[in-house]
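Working notes for the structure below.
The sequence lines fix the lettering, A, B, ..., with proteins before strands; numbering per chain opens at 1. Any value given below was found using the heavy atoms of this structure, including those in side chains, with hydrogens, waters and symmetry copies removed.
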Amino acid sequence: MAVSRGFVGRRPADSARVPPGQYVTRDFPVLSAGPTPYTPLDTWDFTVRGLVNRPVSWSWQAFRALPHENITVDIHCVTKWTKLDTTWSGVSLDTLLDAAPTQASYALAFCDGGYTTNVPLADLRGGQAWVVDEYDGQPLDPEHGGPARLLVPHLYFWKSAKWIRGLELRPADEPGFWEMFGYHNYGDPWKEQRYQGD
Amino acid sequence: MTVETPRVTTIALAIRDWPGHRAGQHVDVRLTAPDGYQTERSYSIASAPEDADVSLTVERLDDGEVSPYLVDELRPGDEIELRGPVGGYFAWDNELGGPLFLVAGGSGLVPFRSMLRHHRASGSRVPVRLLCSARSLELLIYREELIKLAADDLVDVSVTLTREAPDDWRGYRGRIDPALLSTTGWSAKEEPLTYICGPTAFVETAAAGLVALGHDPGRIRTERFGGTGV
Ligand SMILES: Cc1cc2nc3c(=O)[nH]c(=O)nc-3n(C[C@H](O)[C@H](O)[C@H](O)COP(=O)(O)OP(=O)(O)OC[C@H]3O[C@@H](n4cnc5c(N)ncnc54)[C@H](O)[C@@H]3O)c2cc1C
């Protein structure tokens with residue numbers, strides 16, 4: 001690797017928490033492929049469907065009544081920013097998936113605006129993933145994925161699908177929206193799996 | 001290196017084995033300090049697939065880590081490491097058709113230079129309307145090229161100046177809003193394909209404005225550069 005002549009750079013104070021190629025930001029930048037959808041809460045629901053006996057849905061009220069957890073995690077966006085100690089509140093995917101027993105190995109998250117993203121089910125279980133509806137003690141902003149988004153902090157943040165409306169459980173993996181446009185199928189920030197072929 | 005405005009420079013790169021790109025794609029630039037510390041940022045490709053060089057246009061953010069280096073420190077002959085081209089969605093080629101509406105805030109104009117050059121070089125017959133927002137005329141990048149582009153019957157260029165405008169300015173003034181988007185763009189009936197690029201807040205305003213005007217969100221593609229305001 002060539003040294004860039006004259007480049008000094010800023011070093012993050014807490015570099016062990018920052019994956020390769022990432023920088024720490026205090027802002028909360030936004031990555032989306034299109035306009036921000038605004039979904040009224042009275043038409044919102046969250047559905048687990050696909051390879052299940054019977055699809056399960058929660059209305060906004062039912063979803064809000066599910067047990068919520070407070071979560072503090074670092075998030076890593078493929079556009080290079082990392083944000084440390086972000087605080088969220090949401091429902092564990094363990095809770096949601098328990099309501100829909102399945103033999104599936106993969107999930108495709110589907111969202112308002114037509115986005116999808118694929119995640120192995122093993123990455124959604126075991127206290128690693130949530131559907132969050134609060135950020136920093138406030139209802140989640142539409143710009144940042146409200147009313148609710150997926151939160152899978154151990155993968156690049158595009159996997160934490162904004163405006164999520166449910167999961168389609170599948171026996172086989174199928175690429176989602178960004179994954180079809182050249183982004184990595186799995187997206188581990190510690191292995192710098194940004195793009196196809198990484 | 002071409003100085004576009006006091007804060008913005010275009011950098012031409014000589015790249016070995018460049019695989020070619022589509023207009024609108026970006027590259028990832030990686031800088032390495034002597035102690036091995038590295039950081040990366042994304043930059044849109046400013047040149048058309050048909051151009052001889054690959055070029056980037058970078059705006060210096062004074063408190064930034066990478067952009068001041070690229071604008072002020074980089075010299076002709078220096079090497080930088082880059083990865084790309086990347087991004088397949090915020091890209092346009094003639095086959096995607098139109099009519100096209102391109103909406104740029106500040107340096108959000110960069111990928112549109114690539115698209116407009118490609119439009120011309122490929123002899124496209126797709127009608128294009130471009131709306132750019134800049135703080136002032138001095139801070140509008142690619143001024144001369146825009147004037148030339150506007151001479152093409154198929155390309156309509158509108159500029160709005162948000163902070164200051166010359167007394168004899170005959171373009172638009174003020175920030176983009178639904179009224180300006182409907183005057184300078186296409187009606188929803190014409191089913192344009194729209195690309196919006198710039199700072200996050202600008203993109204949010206433009207995209208929400210077009211959706212409010214009845215445009216199909218599925219035909220609006222956005223690229224957010226980060227930061228706020230324009
Ligand atoms: C797909 C993509 C394409 C891009 N294309 C271009 C391009 O063609 N030309 C270009 O100049 N930039 C482009 N950017 C932005 C670029 O990647 C960097 O974010 C920008 O140069 C700032 O980096 P920095 O290291 O100088 O500042 P940083 O050290 O990252 O940040 C410094 C400060 O500026 C804020 N900030 C970050 N980005 C912006 C912004 N865009 N506007 C205002 N404030 C900001 C940060 O929040 C921080 O407070 C693009 C970004 C993306 C995601």
Side-chain angles (χ1 to χ4, degrees), chain A residues 1-12 15 18-39 76-82 111-115 141-144 158 163 175-184 189 192 194-198, chain B residues 25-26 28-42 63-66 69-70 72-75 77-81 83-91 194-196 199-201 203-204 206-212 215-228:
Chain A
M1 119 210 5
V3 169
S4 319
R5 186 199 55 75
F7 176 67
V8 184
R10 285 194 303 252
R11 281 159 193 63
S15 55
V18 184
Q22 297 288 110
Y23 65 94
V24 175
T25 179
R26 243 163 279 165
D27 304 343
F28 194 161
V30 175
L31 165 75
S32 327
T36 298
Y38 292 81
T39 308
H76 313 292
C77 180
V78 70
T79 63
K80 322 280 160 8
W81 54 268
T82 281
C111 307
D112 283 324
Y115 301 102
D141 233 16
E143 221 177 287
H144 294 302
W158 89 80
W163 314 303
F177 177 85
W178 291 108
E179 294 81 6
M180 278 188 289
F181 283 103
Y183 286 84
H184 195 273
E192 248 197 300
R194 295 180 197 278
Y195 309 115
Q196 261 163 37
D198 282 345
Chain B
Q25 288 190 294
H26 65 270
D28 285 356
V29 171
R30 172 187 280 172
L31 300 181
T32 305
D35 64 354
Y37 166 78
Q38 294 188 323
T39 195
E40 295 177 24
R41 295 295 186 278
S42 299
D63 58 345
E65 179 175 26
V66 170
Y69 174 83
L70 295 175
D72 297 335
E73 183 63 34
L74 199 68
R75 297 280 170 274
D78 283 351
E79 279 188 29
I80 54 173
E81 202 179 334
R83 165 86 204 265
V86 286
Y89 188 64
F90 197 84
T194 299
Y195 293 78
I196 308 173
T200 300
V203 173
E204 286 296 318
L210 287 170
V211 172
H215 289 262
D216 173 7
R219 289 188 53 87
I220 302 175
R221 303 181 181 200
T222 58
E223 187 104 281
R224 292 161 172 86
F225 276 8
T228 44

Open item on the list: Working note: B:E40 + A:R194, criterion salt bridge (charged side-chain N to carboxylate O under 4.0 Å, His left out); need CA distance, chi angles, decisive distance, verdict.
Closed with: CA-CA 12 Å; B:E40 295 177 24; A:R194 295 180 197 278; 3.7 Å; yes

Open item on the list: Shorter than 4.5 Å, heavy atoms on both sides: which option in B:V86, B:L210, B:T39 has the most such pairs with chain A?
Closed with: B:V86

Task: Shortest non-hydrogen contact from B:R75 toward A:R5 - done: CG-NH2, 3.3 Å

Open item on the list: Which one wins on heavy-atom pair count under 4.5 Å against chain B: A:P142, A:P29, A:G182, A:G9?
Closed with: A:G9

TODO: Identify which part of A:D198 has an atom lying under 4.5 Å from any heavy atom of chain B, answering side chain, backbone, both or neither.
DONE: side chain

Open item on the list: I'd like to know if the side chain of A:T36 and the backbone of B:E204 have a donor-acceptor N/O pair within less than 3.5 Å.
Closed with: no

Task: Heavy-atom pairs under 4.5 Å with chain A, option from B:L74, B:V66, B:I80, B:D78 with the top count - done: B:D78

Task: Considering all heavy atoms, the nearest A:R10-B:D63 contact - done: NH1-O, 2.9 Å

TODO: Indicate the atoms forming the closest heavy-atom contact of B:L31 with A:S4, along with that distance.
DONE: CA-OG, 3.3 Å

Task: side-chain contact (heavy atoms from CB on, under 4.5 Å) assessment of A:T79 paired with B:R224 - done: CA-CA 10 Å; A:T79 63; B:R224 292 161 172 86; over 6 Å; no

Open item on the list: Under a 4.0 Å threshold between the charged nitrogen and the carboxylate oxygen, would A:E192 count as salt-bridged to B:R83?
Closed with: no

TODO: With a 4.5 angstrom heavy-atom cut-off, could you sort out which part of A:V30 is near chain B: side chain, backbone, both or neither?
DONE: both

Task: Nearest atoms (heavy-atom pairs only) where A:P35 meets B:T222 - done: N-CG2, 4.2 Å

TODO: Measure up the A:F7 and B:Y37 rings against each other and bin them: parallel (under 30°), tilted (30 to 60°), perpendicular (over 60°).
DONE: parallel

TODO: Considering only heavy atoms and a distance below 4.5 Å, find which of A:W178, A:W81, A:F177, A:Y38 pairs most often with chain B.
DONE: A:F177

Task: Shortest non-hydrogen contact between A:V8 and B:A33, atoms and distance - done: O-CB, 3.4 Å

Task: Straight-line distance of B:E223 CD to A:S32 OG, nearest 0.5 Å - done: 11.0 Å

